[in-house]
Amino acid sequence: MKLQDILPKISVNDNWGKDYRRYVPKFITYAKERTHVNEWKSDVRDQLFRSVNCISSLRQGNFYLNEREVIQEHWDELIAPLGIIVDNPDTFCIEQCYEIIRIIKKHTEANRPAASLRFLSAFQPSQLSTTVTWYYLDEIYNSMKNAGVDLPEGYGGDPIQKSHYIQSFLKSSYPNVDDIERGTYAWRLPDLLSDLKKSVVQEIETQTDEEPLSITANIFSTSEVLKMPLAIPDYQRPYVWNIANVEQMLSDIKNSMEQGKRKYRIGSIILHNNDIVDGQQRITTICLIKLVWAKMVNVDKEKETMCVLKYAHEQSFKHIQENYDYINKWFNALPESRRMEFASYLEKCCEFVVVRITGQESLSLAFKLFDSQNGRGKPLEAYNLLKAYHLRAMSASDENIKISCDREWEQNTRYGRSRNDSISSYDILKHLFDEQLYRTRIWCRNTEAWSFTKKRIKEFKGMQIDKLHNVDFPFQNKQLLLFMTEKFYQTFLKETMPTCSRFNDGDGQEINPFVTMTQPIVNGKNFFEYIQSYAEIYKKLFLELDSYQMYDFKVFYKKNCLSYDGHWRTGDNYIREMYKSLIMLLFDKFGENGVNDYHRHLYVIAYYLRRKQSRVYYSTVAKYPSQFFSLIENAKDISALRKLESIIAQPEYCTINNGRDFPPYDDILKSIK
């Protein structure tokens, strides 16, 4: 539901609007020309602060008389950021807004953001809605949400950013209304919404309060689906269908047509609001088919497809081009009459089942439905939700930085791995999150570590540290200090004071020397640096097994973890992942030297389960190793790891009798002695 569909015509106080329009150009001129004002009382102050029908009537906080005098005294300090604001009338100059608020706060010794924003609105009327929503932000937002207005759940940020979001929403809803009139709409919304006819209010309450979770399933033709305002959310994987997938879809549709079937069900689509949770591959392929047909019959491609999807991945671009070329060849191979018949059949007879889920907890349910599907799609991994979360935390970052983070992330989900004289795709991030990062963090707390799921992604959601967010609690001061120290080091000390590398010959630029596996998470770019660092470490330890780095350990790992008889068993895989996690934590703490000294001891500790038991269950591994992770995590120096030697010297680790025959364990245990 759109705002303009449920609200009546909004009337504006004409006297207020006339006075505002009369005085604002003067203020803008002062700022644009960076004018020093000599006669404040007659030229500016009365008009800016005290004119009853002008800015002071915005139902916002006003400055006291003494505060107005302070602003007058420091006008020359304010004029620079004000000048930038008026030079960019259609841009929300958030940096300058915060600068002005800081200047006013510094000189008045009072935190008056609402009054400051009211002051700012005189210089940039396009941000008037941002100004008038300050005190009424939650009331406005909740009234719109409860009325069924299409607002996203997480509109995030501090009050200034939230206010700006509502201002942007009003602008998109009322594009033909001028800034000044639209500026008065925001604080009127709660009253207007509550004054709607009772029947409408009851309908809204039924939709949002009594039944907050809404699930609908309807059948739509391909044309109807492409007309929907669909979007690909950040957490979705790229478009990865290859020619074989496309050929299968084309053949299925063609066979249904030739068999004379009146309808052909392509499959189901799961939507969370308008975000595609499941169905991106099929919808994109239908768009490509229609684009090819539009080109052949020389019609407007945009009008023919009505596809509004936007793609952001290089892999998507690659597959889109390859599949488009294939579809073009496929069409050309058909007789002309059959092409027209196929296009008509696709338009009129092919359809989707569209499942749309909205309301409270709807995203979680959408993923559950997605995971339960038995079709050809690949389930969405939990870690992709984290990508979306941390990209949103970078809303103030440069777009190129976000694109770079996204590209590196996707490259790690499809790492090219040489296997059996061929290259296969290996999802490093899945292994990292499922095992080496998530479970290590839990085990280091001396707690049982179970599987990483969508319900447990909070482990990788942390605190926001940037100029727009304050530290919320005292315990976060430590992380703020570490964050600022790293920035200071990177800026001033990097060239003169080297850090200690984990690899003896240097870590390389991909590995941040300041990350630790169990560190508190900092949202945004720092999270992506954290993940990229451990993806690189994982590659160098466990994938690039023929490289020179840590060559002795890799020979040991290949022989005793990947080559013995039975290494492929499920229980052995559980143990191997636990061992890899122990190695990564040891490497993280004490680098290459630590692994060289103690990788055999950790092998004995991990594979003790295989030596002891004929069957190894996931639950056994979840409960077993926490004390060893905790020991490594709390070690102050490498000498503290000598306790590992005393552990494996205990009788239970040394007894060969009554245990399962497992030669690698026995050989390694003897070599340590």
Side-chain angles (χ1 to χ4, degrees), residues 431-452 456 458-463 475-476 478-479 481-483 485-486 499-503 507 511-522 526-527 529-531 533-538 540-542 550 553 557 574-609 620-648 650 653:
H431 283 78
L432 268 182
F433 280 104
D434 286 358
E435 299 288 346
Q436 280 64 53
L437 288 182
Y438 173 73
R439 301 183 81 193
T440 294
R441 292 170 68 92
I442 304 302
W443 274 322
C444 284
R445 299 171 196 159
N446 211 3
T447 305
E448 298 175 6
W450 297 83
S451 59
F452 178 63
R456 296 181 173 130
K458 287 184 179 179
E459 176 64 30
F460 296 99
K461 292 182 178 181
M463 63 181 293
F475 79 86
Q476 295 175 324
K478 179 181 178 181
Q479 192 59 27
L481 178 62
L482 293 174
F483 175 84
T485 302
E486 178 184 346
T499 57
C500 181
S501 298
R502 295 174 174 88
F503 289 101
D507 291 346
I511 300 175
N512 185 329
F514 297 100
V515 297
T516 60
M517 292 182 74
T518 57
Q519 70 178 51
I521 298 298
V522 176
N526 291 81
F527 170 78
E529 291 178 352
Y530 169 82
I531 297 302
S533 295
Y534 288 106
E536 191 66 22
I537 289 172
Y538 185 92
K540 291 186 176 184
L541 288 179
F542 305 117
M550 299 184 67
F553 164 73
Y557 174 71
Y574 295 153
I575 295 172
R576 182 166 56 253
E577 292 301 328
M578 174 181 64
Y579 176 63
K580 288 162 61 178
S581 297
L582 284 165
I583 291 295
M584 275 195 72
L585 180 63
L586 178 62
F587 179 78
D588 195 46
K589 288 276 292 188
F590 299 107
E592 186 171 333
N593 293 334
V595 174
N596 288 337
D597 289 347
Y598 286 100
H599 67 274
R600 294 179 300 166
H601 299 75
L602 293 181
Y603 184 92
V604 170
I605 286 172
Y607 281 85
Y608 164 74
L609 293 178
T620 305
V621 176
K623 299 173 183 178
Y624 169 67
S626 59
Q627 60 174 314
F628 310 115
F629 280 89
S630 182
L631 188 157
I632 298 171
E633 171 68 7
N634 295 316
K636 302 300 182 184
D637 53 49
I638 202 165
S639 64
L641 299 179
R642 290 175 183 169
K643 190 173 181 180
L644 295 172
E645 300 172 14
S646 61
I647 289 174
I648 65 173
Q650 296 174 9
Y653 287 95

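Since the model is a prediction, treat every value here as computed from it, not as a measurement. We count residues from 1, following the sequence as given.
- The structure places NE2 of His601 at 9.5 Å from OG of Ser646, a figure rounded to the nearest 0.5 Å.
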Inset, instruction - List the steps, then state whether side chain to side chain contact (heavy atoms under 4.5 Å, CB included) holds for Tyr557 with Arg576. - result: CA-CA 10 Å; Tyr557 174 71; Arg576 182 166 56 253; 4.0 Å; yes
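- Going from atom CG of Asn593 over to atom CZ of Phe587 covers 10.0 Å, rounded to the nearest 0.5 Å.
- For the atom pair CG (Leu631) and CD1 (Ile605), the distance works out to 8.0 Å, reported to the nearest 0.5 Å.
- Not one N or O on the side chain of Lys589 forms a donor-acceptor pair closer than 3.5 Å with the backbone of Gly594.
- Between the side chain of Ser533 and the main chain of Asn512, a donor-acceptor pair closer than 3.5 Å is present.
- Rounded to the nearest 0.5 angstrom, Asp597 CG and Leu602 CG are separated by 11.0 Å.
- In this structure, the separation between OG1 on Thr440 and CD1 on Ile632 is 9.5 Å, given to the nearest 0.5 Å.
- To the nearest 0.5 angstrom, His599 atom NE2 is 13.5 Å from Leu582 atom CG.
- Under the side chain to side chain donor-acceptor pair (under 3.5 Å) test applied with Asp588, the options Arg502, Gln519, Gln436 reduce to a single match, Arg502.
- Contact check for Tyr574 versus Leu609: no side-chain heavy atoms found under the 4.5 Å cut-off.
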Legend entry - From CA spacing to verdict: side chain to side chain contact (heavy atoms under 4.5 Å, CB included), Tyr624, Glu448: CA-CA 8 Å; Tyr624 169 67; Glu448 298 175 6; over 6 Å; no
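- Heavy-atom contacts from other residues, nucleotides or ligands closer than 6.0 Å to NZ of Lys643 number 12 or fewer.
- The backbone N or O of Met517 lies less than 3.5 Å from a partner atom in the side chain of Arg441, making a donor-acceptor pair.
- Within the 4.5 Å cutoff, no side-chain heavy atoms of Ser501 are placed close to those of Glu592.
- Note: Tyr653 and Phe628 have perpendicular aromatic rings, judged against thresholds of 30 and 60 degrees for the angle between ring planes.
- Side-chain contact check for Ser630 versus Gln627: every heavy-atom pair is 4.5 Å or farther apart.
- In this structure, Ile511 and Phe503 have side chains that are in contact, with non-hydrogen atoms separated by less than 4.5 Å.
- Ring orientation note: the planes of Tyr530 and Tyr534 are nearly perpendicular, at an angle over 60° on the 30°/60° scale.
- Below 30°, between 30° and 60°, or above 60°: for Tyr603 and Tyr579 the angle between ring planes is above 60°, a perpendicular geometry.
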Legend entry - Check against side chain to side chain contact (heavy atoms under 4.5 Å, CB included), Arg439 and Phe629: CA-CA 10 Å; Arg439 301 183 81 193; Phe629 280 89; over 6 Å; no
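- Classified by interplanar angle (parallel below 30°, tilted 30° to 60°, perpendicular above 60°), the ring pair Phe452/Tyr438 is tilted.
- Using a 4.5 Å heavy-atom threshold, the side chains of Leu437 and Glu459 count as separate.
- Side-chain contact between Thr447 and Ser626: absent, with no pair of heavy atoms (C-beta onward) separated by less than 4.5 Å.
- The aromatic rings of Phe553 and Phe542 sit perpendicular, their planes meeting at an angle over 60°, well past the 30° parallel limit.
- Within the 3.5 Å criterion, the main-chain N or O of Ala640 finds a donor-acceptor partner in the side chain of Asp637.
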Legend entry - ring-ring contact (aromatic ring centres under 6.0 Å, His included) evaluation trace for Phe460 with Phe433: CA-CA 9 Å; Phe460 296 99; Phe433 280 104; 5.1 Å; yes
Inset, instruction - Before giving the answer on side chain to side chain contact (heavy atoms under 4.5 Å, CB included), spell out for Phe527 and Lys461 the whole-Å C-alpha distance, their side-chain angles and the decisive distance to 0.1 Å. - result: CA-CA 9 Å; Phe527 170 78; Lys461 292 182 178 181; over 6 Å; no
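- Counting only heavy atoms from C-beta outward, the side chains of Glu577 and Val621 never approach each other to under 4.5 Å.
- By the 4.5 Å heavy-atom criterion applied to side chains, Arg445 and Glu633 are not counted as neighbours.
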